[in-house]
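Only heavy atoms go into these numbers, but all of them, side chains included; no hydrogens, no water, no symmetry mates.
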Amino acid sequence: MAKGVVEVNGEDVLVREDTYKAYRGVRWAILTIAIMAAIVAVLFFTGVITSLRDGKLNSPAQSERPAQ
């Protein structure tokens with residue numbers, strides 16, 4: 001049976017291949033979620049900074065209303 005090495009608390013542990021693949025999958029999932037959260041945060045703060053720089057903070061609801 002194939003084996004893989006996983007680092008746990010600073011120690012290398014020899015585990016079965018299926019356990020190693022599951023561990024690696026969880027690490028990739030956490031990394032992917034963190035990257036997506038960072039992208040959303042950058043887009044959000046870019047929009048806020050752009051709105052503040054223009055001097056008017058219009059919500060989407062305000063931009064849909066007809067001009068008076």
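- The CD1 atom of I33 lies 13.5 Å from the CH2 atom of W28; values are rounded to the nearest 0.5 Å.
- Hydrophobic cluster membership of I30, counting Ile, Leu, Val, Met, Phe, Trp and Tyr whose side-chain heavy atoms lie under 4.5 Å apart directly or via other members: V26.
- Remark: K3 NZ to R16 CZ distance equals 7.5 Å, nearest 0.5 Å.
- Residues passing the side chain to side chain contact (heavy atoms under 4.5 Å, CB included) test with L43 are I39, sequence neighbours excluded.
- V13 forms part of a hydrophobic cluster together with V6, V8, V15, Y20, Y23, judged by ILVMFWY side-chain heavy-atom separations under 4.5 Å.
- In terms of the side chain to side chain contact (heavy atoms under 4.5 Å, CB included) criterion, residue partners of T46 (sequence neighbours excluded) are, by chain and number, V42, T50.
- Residues forming a side chain to side chain contact (heavy atoms under 4.5 Å, CB included) with V40 (at least two apart in sequence, or on another chain): none.
- With sequence neighbours excluded, the residues that form a side chain to side chain contact (heavy atoms under 4.5 Å, CB included) with D12 are V5, E7.
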